[in-house]
Enquirer: 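Mind looking over this structure? Questions follow.
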Amino acid sequence: MLNQVSFVIVQALVSLKRNIWLTIASILTVMTALILLGGSVFFLANTSNLATSFESQIEIAVFINDNQNREQVIDLRNQIQVMAGVDTVELTAKEDAIIEFQESMGSSSLLEDLGGINPFPDKITVKATDARLVEGIANQIAEINGVDKVRYGQGILEKLIQFTDWLRWIGIAVVAAFAFASFLLITLNIKTNVNSRENEIQIMRLVGASNGLIKWPFFIEGLLLGFIGGIISIGIVGIGYNWLLQYIITTLAFLPVVADQMFMISVFALMLIGGMIMGVLASVFAVRKFLK
Amino acid sequence: MLNQVSFVIVQALVSLKRNIWLTIASILTVMTALILLGGSVFFLANTSNLATSFESQIEIAVFINDNQNREQVIDLRNQIQVMAGVDTVELTAKEDAIIEFQESMGSSSLLEDLGGINPFPDKITVKATDARLVEGIANQIAEINGVDKVRYGQGILEKLIQFTDWLRWIGIAVVAAFAFASFLLITLNIKTNVNSRENEIQIMRLVGASNGLIKWPFFIEGLLLGFIGGIISIGIVGIGYNWLLQYIITTLAFLPVVADQMFMISVFALMLIGGMIMGVLASVFAVRKFLK
Amino acid sequence: MISIKNVSKIYSNGARALSNINLEISKSEFVFLVGPSGAGKSTLIKLMYREEEATRGQVFIDTINLSRLNPKQVPLLRRRTGVIFQDFKLLPTKTVFENVAFAQQVIGKSKQEIKVNTLNILELVGLSRKKDSFPSELSGGEQQRVCVARALVNKPQILLADEPTGNLDIDNAWGIMELLDKINREGTTVVMATHAMHIVEKMAKRVVKVEEGRITDHKLGEAY
Amino acid sequence: MISIKNVSKIYSNGARALSNINLEISKSEFVFLVGPSGAGKSTLIKLMYREEEATRGQVFIDTINLSRLNPKQVPLLRRRTGVIFQDFKLLPTKTVFENVAFAQQVIGKSKQEIKVNTLNILELVGLSRKKDSFPSELSGGEQQRVCVARALVNKPQILLADEPTGNLDIDNAWGIMELLDKINREGTTVVMATHAMHIVEKMAKRVVKVEEGRITDHKLGEAY
Ligand SMILES: Nc1ncnc2c1ncn2[C@@H]1O[C@H](COP(=O)(O)OP(=O)(O)OP(=O)(O)O)[C@@H](O)[C@H]1O
Ligand SMILES: Nc1ncnc2c1ncn2[C@@H]1O[C@H](COP(=O)(O)OP(=O)(O)OP(=O)(O)O)[C@@H](O)[C@H]1O
Ligand SMILES: [Mg+2]
Ligand SMILES: [Mg+2]
């Protein structure tokens, strides 16, 4: 048994060495495939992150009745604060509102020009934890006593959600397309490898080799190809993504990026394990037809 | 000569038929590759289109001095209208501005509340033909007599341009990655095909076949594989993209899409010709090493 | 040992190779199969190690009915059987040494044992100097002798030799025949298809003549 | 016609196959190459159609120095030469008919001509019934005869036959020898490597004996 195990491993290594060009081509293929795959996962993560950040910019503007005094307003704010689905709440007093507006108009004497009358109401700005909850929260708030009017970009909201959903779907489609292409590339390549040795497999069977003895060297080859290709592509994707992150952080700081260490390590693990699994699976598919 | 031409063509067809599984696998590969490629070109076109539409939403707000009368304002507008790089110009009179604001505040008596004093200036909204020209145009306008102030989201503009440039680069990178993957897939596949017939090629040479007689059937095979794969993938991408367009137009009407007939036909032509060229090129690479 | 009962073989393209063959070969017998090219000799041999299956009739090795054999057991059958293939069937990516070693690795022999056995048998067929060559680097007769070495190295219970001397000069051919005779005397059943009538005559063993898929003549050897 | 001058051949793995060979073969001659397995007979033949190149010395066909031959002209040389390969070298994806037809297609014969020639030569080697079979569906001897048919069909100026009867029974072998003799009498130079001494003796032609890469014996045939 031990004889056979060591034989199978030696067998796989010798075959990788004797077919060195095929080995290099296979590693390059696995590499390309995994780079596409890893890259697209990062693309998906960032697309989804971007969509979330778009959504998080949706605000509900709550205008307060003029007849409410300061305590009542603060009370109102506290009331909204604890509602389900509410993330943050910010109060802009009417005094601040006019100053803000004054600055935005570039004037410094607006209140005086207006004869001391402040046309702005008190305003509470509410952010929801999820864009999909905005409409419900706004309707609830509108019912509260002392609230004059509630606004949250009706109409736009729906479109935005549709758009970000769409962005996410595109991201998933890209990952799926690349995963499919990766699998095709790797399988095809290993199939080549095995097919070119069909003759060899037949002869092994004729001299009494069991299926296991024939299969295992191919499986180990597939595993090794996936492993080596995986390591190299992790290096390339890792360096490339870090470089991109640096670039975005220094020059496009307003763009939200995914730079979570744990996430990156998971993607790299996925690439390595994915490569190895694909390598072995491809070998299984490729060898199977010769071993009925 | 004619004998040999017809021989070569028959040769190619017979070989496609006898290696029917290899043929089907190759066509599937070419198909996958071209679908990825065609799909990514549409992705690039739409990304770029989206970026342009973002950019086109940048406006220059020109506030006019209070001391200018109506004729002078109209004159000013005309002056801006003819400046290089200016696309559209729109005048909002101060009377309209306060009504707009009044509506946005939900009040109906603002002007009365303010004691008849309108704090808004006349405003001209300018759009540039290209986001990159905005800054220059704004500076020029600021110099004009009668202009009080010019605003165009300084700071944001730069970021927006960087962002849209980045979007375009991503699009190009996706196309390039897919083009590379396509080429790899097709070459690898045809190489398999040829390698598995290495023995055959050697024998042909030994019985006196010229290089041409050996090469041409493979070239024609490559061409045919590319052609058939191209036609099928055009069908799939065409139907898929049309379906997507319908979906976006009916439910996400605010998203700008590329639905230009000429453009679509060009992409399809690119896919077909690209597939055929890749098929032939892959054959050339694959056969070359056997024919020193 | 080998028992062929009412066997016919029609290949999937319709070619009729064997028609109603009956043949009994007992343990330790040495049998020549002769007959013209295309008569069905190789087909008959292929049935005995189950490269092909009989279209009609049964083939038994001891008490095992080969057409009922579980696919998993085919390798076990082949490990008891040594085959000298008419077209050699050497592994192209393995050296001469490795080709002969492989047949022993499949039955799980130890490395040391394999090495000794392989070098011995290569010496016997006169290929010690070629042990690190690949099959494509050998002459026709050298390839044939590697195939002989591989078939003999496990001292099989049954040896099937399909035209084992077709590419060999007279001296080498007799060398191989002496090996086959020796292994036969040690108890191995030998079935050999050949066109070399001078060998058949000199060996004086049982001879089965096949023509157009039928046994047309049958001579017992001197031992009977 | 064929002139070999001080030729040595060392293969890239260091195996010395030929040492300082000198041999002149004139037009329309029939020459047997004999000698033990691994002596260098096939290598000598491979030099004559430039599958291999001489390490030292020159090989001339008529006045053409093969080691100076432009790669583009190699196919032209091979079209004048028919080769019966020791390992057959049939195209596995072509039928028997197509294999024989291919050798004629490379020299641009018309479809009609190819059909007539091919059917004729297949009749002569006794394979008419097998014309639509693939090589893997043939017996060893049948494959060998396809190879013979392919080599003869263009009536080459030179015929190189490497062990053309190794897988054939006596009757078939003599049938092939008669074909070779006939084509030789029509003017083709024939070089045949063989182990079949009964054929060599009966044919009574020039015999060149090769041993360990050297010519060790040389007998002129009856015609001299
Ligand atoms: N795989 C196959 N498919 C179809 N027909 C086959 C196959 N193998 C052999 N045949 C046919 O079966 C018949 C017998 O073939 P077989 O190989 O048994 O002959 P043989 O006696 O060994 O001949 P030889 O002496 O030439 O080797 C032949 O006519 C051959 O063409
Ligand atoms: N491609 C090759 N690479 C290395 N060595 C080779 C090659 N071909 C042949 N040889 C070696 O050259 C020597 C002569 O081989 P060759 O094939 O010429 O012998 P041969 O006389 O035809 O023998 P046989 O009768 O067995 O066919 C042998 O020792 C062989 O091992
Ligand atoms: Mg046979
Ligand atoms: Mg030889």
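Note that the structure is predicted; figures quoted are calculated from it, not measured. So that the names make sense, note that chain A is the first sequence line, chain B the second, and so on, each numbered from 1.
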Enquirer: Looking only at the side chains, is there a donor atom on one of C/Ser42 and C/Gln86 sitting less than 3.5 Å from an acceptor on the other?
Expert: yes
Enquirer: Between A/Leu213 and chain C, which part of the residue has a heavy atom less than 4.5 Å away: side chain, backbone, both or neither?
Expert: side chain
Enquirer: Determine whether C/Gln104 and C/Lys111 satisfy the following criterion, side chain to side chain donor-acceptor pair (under 3.5 Å), listing intermediate values before the conclusion.
Expert: CA-CA 9 Å; C/Gln104 299 163 75; C/Lys111 243 183 161 156; over 6 Å; no
Enquirer: Report which part of C/Phe88 has an atom under 4.5 Å of a heavy atom belonging to chain A: side chain, backbone, both, or neither.
Expert: neither
Enquirer: Sort C/Ile107 into side chain, backbone, both or neither according to what part of it lies under 4.5 angstrom from a heavy atom of chain A.
Expert: backbone
Enquirer: Check whether NZ of the Lys or CZ of the Arg C/Lys9 lies under 6.0 Å from the centre of the six-membered ring of C/Tyr11 and within 45 degrees of that ring's axis.
Expert: yes
Enquirer: Is it true that C/Lys27 and C/Asp62 have a side-chain N and a carboxylate O under 4.0 angstrom from each other?
Expert: no
Enquirer: Select one option (side chain, backbone, both, neither) describing which atoms of C/Leu76 are under 4.5 Å from chain A's heavy atoms.
Expert: neither
Enquirer: I'd like to verify something: which residue of C/Pro75, C/Ala103, C/Pro92 has the highest number of heavy-atom pairs under 4.5 Å with chain A?
Expert: C/Pro75
Enquirer: Tell me, side chain or backbone of C/Arg80 under 4.5 Å from chain A's heavy atoms, or both, or neither?
Expert: neither
Enquirer: Do A/Ser15 and A/Arg197 have a side chain donor and acceptor closer than 3.5 Å?
Expert: yes
Enquirer: One thing to verify: whether C/Lys89 and C/Asp162 come together as a salt bridge, which I'm taking to mean a side-chain N less than 4.0 angstrom from a carboxylate O.
Expert: no
Enquirer: Please flag which part of C/Lys72 lies under 4.5 Å from any non-hydrogen atom of chain A: side chain, backbone, both or neither.
Expert: neither
